[in-house]
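Remarks on the structure that follows.
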Amino acid sequence: QVQLVQTGGGLVQPGGSLRLSCAAAGFTFSRHTMSWVRQAPGKGREWVSVIRSDGNTTYYADSVKGRFTISRDNAKNVLFLQMNSLKPEDTAVYYCADGDRRRSADAHIGSWGQGTQVTVFP
């Protein structure tokens, strides 16, 4: 019933930008906290950012703070992640997920998007 469909991602050079989108259906999106999580090759999932339901409160992992911006459009049921000043270490599969994932980035419960590849190459 719950569906999270991601778009965006791709190949960029260091210093470049990308915007990821996550379209939600099957639940009351505007009432849910949402998160972005990423997984680099051979590594566990790492929490990236979280946003409260009304969009007024956001938090970021230290590794992306100052470069990434999480936002949402509750009227359209869409979550965004704007990624600027990208670094090679940002290369990963990025996932959107429902709820606050700061302490559950590796948990395979709840609702997750299908993931989208972000590759940053010199």
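Keep in mind that the numbers below use all heavy atoms, side chains included, and drop hydrogens, waters and symmetry copies.
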Verify, without hydrogens or angle tests, whether [X] (side chain) and [Y] (backbone) share a donor-acceptor contact under 3.5 angstrom.
| X | Y | result |
| --- | --- | --- |
| N77 | F29 | no |
| D98 | S111 | yes |
| Q114 | Q6 | yes |
| R67 | S85 | yes |
| R31 | F27 | no |

Answer with yes or no whether the hydrophobic clustering places [X] together with [Y]; edges join I, L, V, M, F, W, Y residues whose side-chain heavy atoms lie under 4.5 Å apart.
| X | Y | value |
| --- | --- | --- |
| Y60 | V37 | no |
| V48 | V93 | no |
| Y94 | V64 | yes |

Which heavy-atom pair separates [X] from [Y] by the least distance, and what is that distance?
| X | Y | result |
| --- | --- | --- |
| N56 | D54 | N-OD1, 3.0 Å |
| S21 | V78 | CB-CG1, 4.3 Å |
| F121 | P14 | O-CD, 2.7 Å |
| L4 | A97 | CD1-CA, 4.2 Å |

**Study point:** Steps toward side chain to side chain contact (heavy atoms under 4.5 Å, CB included) verdict (S71, Q82)
**Key:** CA-CA 8 Å; S71 62; Q82 178 66 46; over 6 Å; no
Within this structure, what is the [atom1]-[atom2] distance for the pair [X] and [Y], rounded to the nearest 0.5 Å?
| X | Y | atom1 | atom2 | value |
| --- | --- | --- | --- | --- |
| W47 | R101 | CH2 | CZ | 13.0 Å |
| T58 | R72 | OG1 | CZ | 11.5 Å |
| D106 | E46 | CG | CD | 10.0 Å |
| Q3 | C22 | CD | SG | 10.0 Å |
| L18 | N84 | CG | CG | 9.5 Å |
| I70 | M83 | CD1 | CE | 12.0 Å |

Review point. If we ignore angles and hydrogens, is there a donor and acceptor under 3.5 Å between the side chains of Q117 and T119?
Key: yes
Should [X] and [Y] count as side-chain neighbours, where that means a heavy-atom distance under 4.5 Å?
| X | Y | value |
| --- | --- | --- |
| S53 | H32 | no |
| W36 | L79 | yes |
| S49 | S35 | no |
| F80 | M34 | no |

Check your understanding: Run the side chain to side chain contact (heavy atoms under 4.5 Å, CB included) check on V118 and T91 step by step: do they pass?
Key -> CA-CA 5 Å; V118 172; T91 296; 6.0 Å; no
Check your understanding: Salt bridge or not for R38 and D90, using N-O below 4.0 Å?
Key -> yes
**Study point:** R103/D100 salt bridge by N-O under 4.0 Å criterion
**Key:** no
Practice item. Please step through side chain to side chain donor-acceptor pair (under 3.5 Å) for the pair S63 and E89, ending with a clear verdict. Key: CA-CA 9 Å; S63 58; E89 51 263 44; over 6 Å; no
Check your understanding: For Y59, is the NZ or CZ atom of R52 found under 6.0 angstrom from the centre of its six-membered ring and inside 45 degrees of the ring axis?
Key -> no
Check your understanding: So Y95 and T116, side chain to side chain contact (heavy atoms under 4.5 Å, CB included) or not? Walk me through it.
Key -> CA-CA 7 Å; Y95 300 89; T116 186; over 6 Å; no
Point to revise | Pair L81-F68, side chain to side chain contact (heavy atoms under 4.5 Å, CB included): steps then yes or no | key: CA-CA 7 Å; L81 184 67; F68 290 11; 4.1 Å; yes
